[in-house]
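Since the structure comes first, as structure tokens, the remarks are kept for the end.
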Amino acid sequence: MKTETFTINCSNYGICPKKLSITVRGDTFIGATFQGGCDGNLKAISELCKGQDLNIIIDKLKSITCGNKNYSCSSVLAEQLENIVQAKKG
């Protein structure tokens with residue numbers, strides 16, 4: 001199965017990281033790297049998600065908020081994974 005990496009400019013989302021790169025193989029999460037933000041926490045999110053089905057990650061992370069915002073780095077990751085899943089469906 002083909003491994004693909006998607007890079008997203010996060011500046012429009014209002015989160016601390018400026019860029020997000022997501023690597024998937026089929027419907028499996030391989031990893032993510034964030035440029036900026038809470039380095040340790042973002043590395044932990046990526047590690048905890050490794051090897052999981054994209055839809056499981058989406059369900060777990062899509063409603064996570066940060067402070068008084070209605071979104072977070074985790075929810076942006078989930079939103080982008082959802083976009084990847086939809087794009088793969090055609």
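For this chain, numbers begin at 1 and follow the sequence in order.
The shortest non-hydrogen separation linking Ile15 to Cys73 is CG2-N, 4.0 Å. Scanning both residues, Tyr13 and Glu79, for their nearest heavy atoms gives CE2-OE2, 3.4 Å. When all heavy atoms of Val24 and Phe29 are compared, the pair lying nearest together is CG1-CA, 4.5 Å. Across all non-hydrogen atoms, the minimal contact from Cys16 to Gly37 is CB-CA, 3.7 Å. Residues Ala78 and Ile58 share a closest heavy-atom pair of O-CG1, 3.7 Å. When all heavy atoms of Leu54 and Gly26 are compared, the pair lying nearest together is CD1-O, 4.1 Å.
To the nearest 0.5 Å, atoms CG (Leu48) and NZ (Lys60) are separated by 9.0 Å.
The side chain to side chain contact (heavy atoms under 4.5 Å, CB included) search around Asp59 returns Lys62, not counting sequence neighbours. Taking the side chain to side chain contact (heavy atoms under 4.5 Å, CB included) definition, one finds that Lys2 meets it with Glu4, sequence neighbours left out.
Taking the side chain as every heavy atom from C-beta outward, Leu61 and Cys49 approach each other to under 4.5 Å. Using a 4.5 Å cut-off on side-chain heavy atoms (C-beta onward), Leu42 and Ser46 make no contact. With contacts defined as side-chain heavy-atom distances shorter than 4.5 Å, the pair Leu20/Cys10 qualifies. Side-chain contact between Asp27 and Asn55 is absent, with no heavy-atom pair separated by less than 4.5 Å.
Exactly one of Val85, Thr7, Ile8 qualifies for a side-chain contact (heavy atoms from CB on, under 4.5 Å) with Gln80. That residue is Ile8.
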### Query
Under the side-chain hydrogen bond (donor to acceptor under 3.5 Å, both in side chains) criterion, do Ser21 and Thr5 qualify, and how do the steps go?
CA-CA 7 Å; Ser21 293; Thr5 300; over 6 Å; no

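Both Tyr71 and Phe34 sit in one connected hydrophobic cluster of ILVMFWY residues. Membership requires side-chain heavy atoms under 4.5 Å apart, directly or through other members.
Crowding of Lys19 atom NZ: a count of heavy atoms from other residues, nucleotides or ligands under 6.0 Å not exceeding 12.
The side chain to side chain donor-acceptor pair (under 3.5 Å) analysis of residues 29-45, with sequence neighbours excluded, yields the pairs Asp39-Lys43.
Of the possible polar contacts, none joining the Thr28 side chain to the Gln52 backbone as a donor-acceptor pair under 3.5 Å is found.
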